[in-house]
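Okay, so here's the structure we're looking at.
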Amino acid sequence: MKKTTVLILAAVLAAQAAFYYSKSHAEVIPATPPWAEFPQQIGRWRAVAEIPVDEVVLEELRPDDYMSRTYTREGGTTALNVFIGYFNTQRTGRAPHSPRNCLPGAGWEPMWSESIKIPIPEHGDLNVTQFLVQKNRSKLAVLYWYQSAGWAAGNEYLAQFYAIPELLSHGRTDVALVRVIVPASAEKDSGGFATAIEFTKILYPLVKAHIPPA
């Protein structure tokens, strides 16, 4: 990570922390439904397995709730994994980790990453980060974003910026990390990323609807 980026992020996090802990009024903790109740059927995709998350990983992430599932497309063999980690407050110092940091920690080597915009019908453009990781001969196409009641951000830096206005306006700091993983067969596997993007178009409205409005 470039030194300038590190300095900017450090300044943002310091300002954010000072702001969180200096707010005098009580924070609003929304009554978010359990993520276990998230739809099993998403368009033509159906959940086929709940994937347990390693206890070490959970201890590191410390989400208040999460969902980890494998979905398969009807009439096909394509499968993908969806992980949603939800934090009902960031005032305690807990916040979503970037998948770009977590996956390398599990032995996956990052190959490249980029930010893209996905047009979501009736919702406008969704900014996400997509990247490729590799372990031995296996490759994964990964796509993720951060979601709250009032905003969506494609990377952790924007998520930190957006969190402060949300606290000012509605007294909330809850946020979800949404990650979609599809097996990839090549470094520039357009099919793997195309699948992740098309799935995200129908996943995003459901994630947004699951979080109570501000």
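All values below were derived from every heavy atom in this structure, side-chain atoms included, with hydrogens, water molecules and symmetry-related copies excluded.
Linking Ile, Leu, Val, Met, Phe, Trp and Tyr residues whenever their side-chain heavy atoms come within less than 4.5 Å places Leu206 and Ile118 in a single cluster. Hydrophobic clustering (side-chain heavy atoms under 4.5 Å, transitive across Ile, Leu, Val, Met, Phe, Trp, Tyr) keeps Phe131 apart from Val180. Grouping the Ile, Leu, Val, Met, Phe, Trp and Tyr side chains by contacts below 4.5 angstrom, directly or via other members, places Leu140 apart from Val82.
In the model, Tyr86 has no side-chain atom that pairs as donor or acceptor with a side-chain atom of Gln147 under 3.5 Å.
In this structure, the separation between CD on Glu109 and CD on Gln134 is 6.5 Å, given to the nearest 0.5 Å. Of the inter-residue distances, the one linking Ile120 atom CD1 with Leu203 atom CG reads 9.0 Å to the nearest 0.5 angstrom. Atom-to-atom distance recorded for Thr200:OG1 and Gln130:CD is 9.5 Å, nearest 0.5 angstrom.
Put simply, the side chain of Ser68 gets close to the backbone of Ile51: a donor and an acceptor are under 3.5 Å apart. Thr89 contributes no side-chain N or O that, together with a main-chain N or O of Thr173, makes up a donor-acceptor pair within less than 3.5 Å. The main-chain N or O of Leu158 is never found under 3.5 Å from a side-chain atom of Glu156 such that the two would form a donor-acceptor pair. Here the side chain of Asn81 pairs no donor or acceptor atom with the backbone of Ile181 at under 3.5 angstrom. Side-chain atoms of Glu37 never come within 3.5 Å of backbone atoms of Pro39 as a donor-acceptor pair (strictly under, hydrogens ignored). No donor-acceptor distance shorter than 3.5 angstrom exists from the side chain of Arg179 to the backbone of Tyr144, with no hydrogens or angles considered.
Among residues two or more places apart in sequence or in another chain, the side chain to side chain donor-acceptor pair (under 3.5 Å) test is passed with Asp64 by Arg94. Residues meeting the side chain to side chain donor-acceptor pair (under 3.5 Å) test with Tyr71, sequence neighbours left out: Arg69. Residues satisfying the side chain to side chain donor-acceptor pair (under 3.5 Å) criterion with Lys201, sequence neighbours excluded, are Glu198. Residues meeting the ring-ring contact (aromatic ring centres under 6.0 Å, His included) test with Phe83, sequence neighbours left out: none. Remark: Ser138 pairs with no residue by the side chain to side chain donor-acceptor pair (under 3.5 Å) rule, at least two apart or across chains. Here Phe87 pairs with nothing under the ring-ring contact (aromatic ring centres under 6.0 Å, His included) rule; sequence neighbours left out.
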Query raised in the report: What do the steps show when you test Thr77 against Thr72 for side-chain contact (heavy atoms from CB on, under 4.5 Å), and what is the final call?
Result: CA-CA 7 Å; Thr77 59; Thr72 59; over 6 Å; no
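The aromatic rings of Phe193 and Trp112 sit tilted, their planes meeting at an angle between 30° and 60°.
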